[in-house]
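Read the structure below first, then the notes.
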Protein chains: 2
Amino acid sequence: MPIEGKTRREVLTEFRHAEILAAARKVFSEKGFRDATLEEIAAAAGIAKGTLYLYFENKEEIFWAAVRERLLELHARLKEVVARPGTARERLREILRVRFEMMRRDEQFKRVYFAEFGQLCGYGGPHAEEFRQLQVEAARLVAPVISQGIKDGELRPVPPLEAAMALTDLVRGTAALSFLGLHENHVDLEQFIFDLFWQGVRKGDSKGVRKGDSK
Amino acid sequence: MPIEGKTRREVLTEFRHAEILAAARKVFSEKGFRDATLEEIAAAAGIAKGTLYLYFENKEEIFWAAVRERLLELHARLKEVVARPGTARERLREILRVRFEMMRRDEQFKRVYFAEFGQLCGYGGPHAEEFRQLQVEAARLVAPVISQGIKDGELRPVPPLEAAMALTDLVRGTAALSFLGLHENHVDLEQFIFDLFWQGVRKGDSKGVRKGDSK
DNA sequence: CAGAAAAATGACCGAACAGTCATAAATTTA
DNA sequence: TAAATTTATGACTGTTCGGTCATTTTTCTG
């Protein structure tokens, strides 16, 4: 007898899914994809190894399900923010806010995103291509904000896609700071990154930019 | 009978070392650390697996020897460039040039540096700490250039270490562009990155920066 | 060139671990 | 509550691969 369109079974199954992904995020965060074992993940989820295979195809799929969830959420939020009206400055600020929010959201998973990013981008693998597409997509969502800003005379004529990627790189880089043990700081990284980027792309008052200054 | 301080044996040994590291760079670049096998590396070097162990302790050491070589070279070049006199702008431009040069130097190994960076920073492991120290060191070499620039009134008061890291992040990010297949471009990435960073840190003419502009 | 020393080899070993499956427990149904 | 069905288990399997070492090949020495 379904309640709200879901049977008892379905609800339990969904919950298990979520439990497993949560456990997976925890273990993957600590060990990385390669060194995390299914035994550990199962233990963290409070189930036996075999049970994992009732819910997921294999290790790769578990990992990917955990990652995809977060990436799609990021996209959704970016889409929303990008669609809002405002100056390029305001919208870029919001984009940055969203990205930092996602990073902070589970500090846990930040490490995975950061540490596996290079592997996923750089080498082949079952889901590498999908992952790369999601990255490109994110950049393509942001690029129009920059294009528009240029058109409106608010920004310098920077290449939009490259600039969007640069912003992403800067955000990812802040993760490196903590892993490198350079995060003692009083410095507000989010604000600093925005400052740096904004000054980098904004159109200075024409008086302020002498010819040849950027060569 | 030594010639120029080296016996025939020593020369041959050195050469073998170099051969192995070259082969290792090739294989690690294609497969990544985990998926590269010693059998492959040996084959690429034209020797048998066991022979590797006459020259290196284990897989980790082979990898690390290949990486360390490049990192120390980067440091040496940075030290040299940083020591030269000049405006902050000139010196930053040189620093960027050196970093791009190193990236281009073996396109091959770029992938490894890019793809393993996250793993080395994010997770533990035999050489992770040394790797992190080398990264920090590189940032500490660059930071004084920025500090000096601020002191001289050439740059805005940005946090030097964070800014130095940001520059590094941007350079690393350009590698991502090619792996993501976004490198079609006519855009000169080195020039773009410098532009972006320079505009980001330079002190605009005081007229050009209105109060509150960077908040 | 003979014998000693060094370098090279690759078959082999053992550990790690993803994935399987016969069996057991839990849950549903009648 | 008994049979049927779904869910869970964890011992087991097969494979991969880093590392070893007894044996062979090459190089050196006198």
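Chain A is the first sequence line, chain B the second, and so forth, proteins listed ahead of strands; every chain is numbered from 1. None of the values given here were measured: they were computed from a predicted structure.
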Which whole-number value in Å describes the distance from A:Glu40 CD to C:dG19 C1'? 17 Å

Of B:Glu60 and B:Leu12, whose closest DNA chain D nucleotide lies nearer the 5' terminus? B:Glu60

Flag, side chain of A:Arg132 to backbone of A:Cys121, donor-acceptor distance under 3.5 Å: yes

Sort out for me which residue in B:Leu167, B:Ile95, B:Leu92, B:Val201 forms a side chain to side chain contact (heavy atoms under 4.5 Å, CB included) with B:Ile146. B:Leu92

Establish, for the pair B:Arg70 and B:Tyr113, whether the NZ or CZ atom is under 6.0 angstrom from the six-membered ring centre and no further than 45 degrees off its axis. no

Indicate whether any N or O donor in one side chain lies under 3.5 Å from an N or O acceptor in the other, for B:Glu116 and A:Gln119. yes

So if I apply the ring-ring contact (aromatic ring centres under 6.0 Å, His included) rule between A:Phe33 and each of A:Phe117, A:Trp64, A:Phe28, which one comes out positive? A:Phe28

Atom CZ of A:Phe33 and atom P of C:dC17 are separated, to the nearest Å, by 13 Å

Once you round it to whole Å, what is the distance between P of D:dG18 and CD1 of B:Ile62? 9 Å

Cation over ring, B:Arg89 on B:Trp198, under 6.0 Å and within 45°? yes

Is the shortest side-chain N to carboxylate O distance from A:Glu101 to A:Arg97 below 4.0 Å? yes

I need the OH-C1' distance between B:Tyr53 and D:dA22, as an integer number of Å. 17 Å

Euclidean distance, atom CG of residue B:Leu38 to atom C1' of C:dT9 [Å, nearest integer]: 15 Å

When the distance from CZ of A:Arg34 to P of D:dG18 is rounded to whole Å, what number comes out? 12 Å

Angle of first-five versus last-five pair axes in the helix from C:dC1-D:dG30 to C:dA30-D:dT1, to 10 degrees: 10°

By the 4.0 Å heavy-atom rule, please label B:Ala42 as base, sugar-phosphate, or nothing. nothing

Would B:Arg172 count as a cation-pi partner of B:Phe114, with NZ or CZ less than 6.0 Å from the six-membered ring centre and within 45° of the ring normal? no

Classify the nucleic acid contact of B:Ala43 as base, sugar-phosphate or nothing, counting any heavy atom under 4.0 Å across all strands shown. nothing

Taken in chain and number order and not counting sequence neighbours, the residues that satisfy salt bridge (Lys or Arg N to Asp or Glu O under 4.0 Å) with A:Glu80 are A:Arg84

Identify the pairs formed between an N or O of the protein and an N or O of nucleotides 5-10 of chain D at a distance under 3.5 Å, and give each distance.
unit_1	atom_1	unit_2	atom_2	d
D:dT6	O3'	A:Arg9	NE	3.3
D:dT7	OP1	A:Arg9	NE	3.0
D:dA8	OP1	A:Arg16	NH1	2.4
D:dA8	OP2	A:Tyr55	OH	2.7
D:dT9	OP2	A:Ala48	N	2.8
D:dT9	OP2	A:Thr51	OG1	2.6

Atom-pair distance (NZ on B:Lys59; P on D:dC17), nearest Å: 8 Å

